[in-house]
2 protein chains.
Amino acid sequence: MTNSSLAHLQIIQPLRSAQNTEQVVARVYDLIKREELKPGDRLPPERELAKQLGISRPSLRAGLSSLISMGVLQSRQGAGTFIVDGPPTLDSEPLRLLAELHGFSYDHMFETRSILEVGAAGLAAERATGDQLATMAEEIAEMFAALKDPQQFLLHDIAFHRAVAAGSGNPTLATLVEMVSAILYERRRDTIERAHDFNESLELHRRVYRAIRSHNPDEAREAMSEHIVRAQRAFALEEKQQQERQQPKDRI
Amino acid sequence: MTNSSLAHLQIIQPLRSAQNTEQVVARVYDLIKREELKPGDRLPPERELAKQLGISRPSLRAGLSSLISMGVLQSRQGAGTFIVDGPPTLDSEPLRLLAELHGFSYDHMFETRSILEVGAAGLAAERATGDQLATMAEEIAEMFAALKDPQQFLLHDIAFHRAVAAGSGNPTLATLVEMVSAILYERRRDTIERAHDFNESLELHRRVYRAIRSHNPDEAREAMSEHIVRAQRAFALEEKQQQERQQPKDRI
DNA sequence: AACTCGAATTGGTCATAACAATTTGGGTTA
DNA sequence: TAACCCAAATTGTTATGACCAATTCGAGTT
């Protein structure tokens, strides 16, 4: 609270990036909006884009770099720069950095994830399409097949939750779910090892699925809430095991 | 669904930005983590940072540009580059671009905002500190004082919601609330004009506040939910008026 | 003691060049 | 003819160096 009392009343800071960077972002924004480009398409080469905008290539690259780190673009040396395709799979860097900067804890992330996913499950119970339900069922089947393979199980776990988020029919919500989950999943991928009770996890997923399929929002919310509480416990356990494995090493 | 079936199973793409950009991000991340730098501090000059990392200035700038657009850093020509201070007031650019890219609608954003803020209100009812409650009360008083001034009213409206989000005791959640709200508020700042019933809005805010103060999570959630539904209606109305004002002009 | 102004600092931009990975197309070969 | 291979073109990646613009800060002046 050292700021002036007006500082935190601002809605959005007027101009944070350099002028040229803003220009590049606006230009890409424009290309997308005019529908000259759609996800998967290739941007004009840097040299040409720079000429179009009347700026130098290093400046252009600063702008593109922003868009890449925000997960809007993706570059492949020799091939080109592309508009990111597929579902809104946001790169989690922004949140990860903010997390570090402000000392977010995993507990807070789980709490947030719970709020988002419980909401998504409720909406999915009202709106999920047949295709989306089929995807959920399919991923559950894959999870069952992967009971002995933690890494594989985790992948289908993710896919299931993604399907639920998509089933909410709300892309904004789905994107936020993705952002928060990505950090947690990535962490978990490193710690997950031995199979604690995946059967229980599978059963909880099934319960969520059944509730959504039978269009019961309250039950879907309740089931998802319960599921995430358990997931958080499993996560905490893995963290603890991880620490115990590392501690002796560090001590020597 | 044109991708291979494995593509959307990836958790996080391994390396999206250029190598040097990654290096810069990692370096700043590191400086923050080692607590050599804290919010508000100034980064070493670009020329020196570039030398430290053994990369060129343009490359360094591409990295810094990413961090600036993610709201982690802020540059002032002649002064230096600083770590953003204050509450996690995330620049909304990332979401705004994704919104454009995937065609998010305002309705979806409101729905998402509702899920987030209802959750935040519930948590705030359990955890809000005396200071945070005082801030909420203060902002409501300011809103009352600004009943005739839409722009001013909106600012204190924002501040109130920010206080509730802070009261949740969950910075992750608060940041997401900020991201989604920023887009909606910014849009509203442009359309808000004549005072439709601000008294009703004020009363709804009071109801939320009372519920939080009396530590009643269910009532807080219910009140916030109701409030946002009304806000969405007001927003839609303003959008409609805005269109009606513009349409005749465009037609001539 | 207050003010002014210019030099130093620092971010913002540009031009050019060289490098690395991918793509593409022509030529070769089976 | 079809498959393969290699070299040239394309395109992103990085570096060097220079100059501009805004801010900062201190020496000099009033």
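Below, chains carry the letters A, B, ... as their sequence lines are ordered, and counting in each starts from 1.
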Can you tell me how far [atom2] of [Y] sits from [atom1] of [X], rounded to the nearest 0.5 angstrom?
| X | Y | atom1 | atom2 | answer |
| --- | --- | --- | --- | --- |
| B:Arg61 | A:Thr21 | CZ | OG1 | 7.0 Å |
| B:Ser181 | B:Met109 | OG | CE | 11.0 Å |
| B:Ile68 | B:Ser75 | CD1 | OG | 3.5 Å |
| A:Asn170 | A:Leu176 | CG | CG | 8.5 Å |
| B:Glu142 | B:Leu155 | CD | CG | 10.5 Å |
| B:Leu67 | B:Arg27 | CG | CZ | 13.0 Å |

Is any side-chain N or O of B:Thr81 closer than 4.0 Å to OP1 or OP2 of C:dG11?
yes
How long is the line joining [atom1] of [X] and [atom2] of [N], in whole Å?
| X | N | atom1 | atom2 | answer |
| --- | --- | --- | --- | --- |
| B:Leu60 | C:dT10 | CG | C1' | 13 Å |
| B:Lys51 | C:dT10 | NZ | P | 12 Å |
| B:Asn20 | D:dG12 | CG | P | 17 Å |
| A:Arg61 | D:dA15 | CZ | P | 11 Å |
| B:Leu64 | C:dT13 | CG | C1' | 15 Å |

Mind running a 4.0 Å heavy-atom check of residues 40-50 of chain B against DNA chain D and sending the residues that fall below it, in number order?
B:Arg47
Which parts of residues 52-59 of chain B get close to DNA chain D, meaning a heavy atom less than 4.0 angstrom away?
B:Gly54, B:Ile55, B:Ser56, B:Arg57, B:Pro58, B:Ser59
Which pair of non-hydrogen atoms, one from B:Ala128 and one from B:Met136, has the smallest distance, and what is that distance?
CB-CE, 4.2 Å
Report the relative orientation of the aromatic rings in B:Tyr185 and B:His161; use parallel for angles under 30°, tilted for 30 to 60°, perpendicular for over 60°.
tilted
Could you list the protein-to-nucleotides 21-25 of chain D atom pairs, N/O on both sides, closer than 3.5 Å?
residue : atom : partner : partner atom : Å
D:dA21  : O4'  : B:Gln77 : NE2          : 3.4
D:dA21  : N3   : B:Gln77 : NE2          : 3.0
D:dA22  : O4'  : B:Gln77 : NE2          : 3.1
D:dT23  : O4'  : B:Gln77 : O            : 3.4
D:dT24  : OP1  : B:Arg76 : NH2          : 3.2

Taking atom CZ of B:Phe144 as the centre, does the number of heavy atoms from other residues, nucleotides or ligands within less than 6.0 Å exceed 12?
no
Just wondering, more than 12 heavy atoms not from B:Asp41 lying within 6.0 Å of its CG?
yes
Would you say that B:Leu31 contacts B:Ile83 through its side chain, given a criterion of any heavy-atom pair below 4.5 Å between the two side chains?
no
